[in-house]
Amino acid sequence: MDLAEFYEKVYDTVRLVPQGKVTSYGHIAALVGMPRHSRHVGAALKILHEDSDVPWQRIVSSTGVISSRGPGTTGAQRQAEALEAEGVHVETTRMGQFKVSFATNGWFPRTLQEAQQDAQ
DNA sequence: CTGTTGACTGTTC
DNA sequence: GGAACAGCCAACA
């Protein structure tokens with residue numbers, strides 16, 4: 001599998017995440033069969049166009065915290081707003097991080113097949 | 001070829 | 001629960 005294929009699989013899988021649900025980079029990587037490539041899932045989402053149909057905002061870190069992407073950037077803020085807009089409760093931690101609850105909004109199918117069934 | 005760099009993760013205090 | 005590490009791996013200088 002080359003990089004382009006990996007990215008395509010990542011995009012296809014992210015598109016399966018239902019509205020109002022969230023999952024993690026690592027889980028997307030596991031679903032496409034490359035569990036050690038979580039960082040590259042982030043890289044794949046980073047280069048998306050704004051008008052893309054990929055719901056990138058539904059992907060957060062394994063702890064449920066929205067990665068800041070560096071001080072002075074507004075990416076995390078926009079992601080939090082996008083999630084709130086589709087019904088996901090985002091709380092703000094003491095340290096100013098945005099965090100979602102996997103207990104109420106998590107989406108972690110074991111396999112790609114289960115993911116596709118869930119997405120219907 | 002050798003570091004360094006990440007929209008990351010798991011383990012261990 | 002959070003901080004400190006150690007893995008991780010493709011891209012890039």
Side-chain angles (χ1 to χ4, degrees):
Chain A
M1 182 192 299
D2 65 15
L3 190 65
E5 284 178 79
F6 172 69
Y7 277 20
E8 280 308 310
K9 278 199 175 184
V10 167
Y11 297 147
D12 286 345
T13 307
V14 173
R15 276 192 271 257
L16 297 176
V17 183
Q19 184 179 50
K21 295 290 186 180
V22 291
T23 191
S24 71
Y25 298 99
H27 198 74
I28 294 295
L31 286 177
V32 303
M34 307 200 73
R36 302 181 229 181
H37 290 235
S38 50
R39 306 186 81 130
H40 300 291
V41 172
L45 298 184
K46 183 180 182 179
I47 65 176
L48 287 172
H49 293 198
E50 279 191 18
D51 58 353
S52 163
D53 63 339
V54 179
W56 59 275
Q57 71 274 19
R58 295 176 196 153
I59 314 300
V60 299
S61 75
S62 64
T63 59
V65 171
I66 299 176
S67 309
S68 76
R69 285 151 261 191
T73 60
T74 58
Q77 172 90 51
R78 288 195 301 117
Q79 182 169 355
E81 287 169 0
L83 286 174
E84 286 279 8
E86 61 178 53
V88 176
H89 175 62
V90 181
E91 65 177 299
T92 305
T93 69
R94 231 177 282 181
M95 306 183 70
Q97 290 183 128
F98 299 106
K99 187 169 188 176
V100 300
S101 167
F102 283 148
T104 58
N105 301 292
W107 186 78
F108 296 96
R110 287 224 216 90
T111 65
L112 207 47
Q113 286 72 24
E114 285 185 22
Q116 287 161 349
Q117 287 169 13
D118 274 9
Q120 291 173 13

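Numbers restart at 1 for each chain; the letters A, B, ... are given by sequence-line order, proteins then strands. Note that the structure is a prediction, hence the values are computed from the model and not measured.
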[X] [atom1] to [N] [atom2], straight-line distance once rounded to whole Å:
{"X": "A:M95", "N": "C:dG1", "atom1": "CE", "atom2": "P", "value": "13 Å"}
{"X": "A:D2", "N": "C:dC9", "atom1": "CG", "atom2": "C1'", "value": "15 Å"}
{"X": "A:R94", "N": "C:dG2", "atom1": "CZ", "atom2": "C1'", "value": "10 Å"}
{"X": "A:Q97", "N": "B:dA7", "atom1": "CD", "atom2": "P", "value": "15 Å"}
{"X": "A:M1", "N": "C:dA10", "atom1": "CE", "atom2": "P", "value": "12 Å"}
{"X": "A:F6", "N": "C:dA11", "atom1": "CZ", "atom2": "P", "value": "10 Å"}
{"X": "A:H27", "N": "B:dC8", "atom1": "NE2", "atom2": "P", "value": "17 Å"}
{"X": "A:L83", "N": "B:dA7", "atom1": "CG", "atom2": "P", "value": "18 Å"}

Please classify the nucleic acid contact of [X] as base, sugar-phosphate, or nothing, using heavy-atom distances under 4.0 Å.
{"X": "A:R69", "result": "base"}
{"X": "A:H40", "result": "base"}
{"X": "A:T63", "result": "nothing"}
{"X": "A:L3", "result": "sugar-phosphate"}
{"X": "A:S38", "result": "base"}

Can you see whether A:Q117 engages A:Q113 through a side-chain donor-acceptor pair at a distance of less than 3.5 angstrom?
no
If you count heavy atoms of other groups shown closer than 6.0 angstrom to CE of A:M1, is the number above 12?
yes
Does the structure show a Watson-Crick or G-U wobble partner for B:dC1, both distances under 3.5 Å? Name it, or say none.
none
Let me confirm one number: the OG-CZ distance from A:S62 to A:F102, rounded to the nearest 0.5 Å.
7.0 Å
OP1 or OP2 of B:dA7 under 4.0 Å from side-chain N/O of A:S67:
no
It should be established whether A:S24 places a side-chain nitrogen or oxygen under 4.0 Å from OP1 or OP2 of nucleotide B:dC8.
no
Is there a donor-acceptor pair closer than 3.5 Å between any side-chain N or O of A:Q79 and the backbone N or O of A:I59?
yes
Under 3.5 Å donor-acceptor pair, A:R39 side-chain atoms to B:dC8 base atoms
yes
Do NZ/NE/NH1/NH2 and the carboxylate oxygens of A:R15 and A:D12 come within less than 4.0 Å?
yes
Determine the interatomic distance between P on C:dG7 and the same-named atom on B:dA7; round to the nearest Å.
22 Å
What's the closest nucleotide to the A:H37 side chain, out of C:dC9, B:dT9, B:dC8?
C:dC9
Among C:dC9, B:dC8, B:dT9, which nucleotide has an atom closest to any side-chain atom of A:R36?
C:dC9
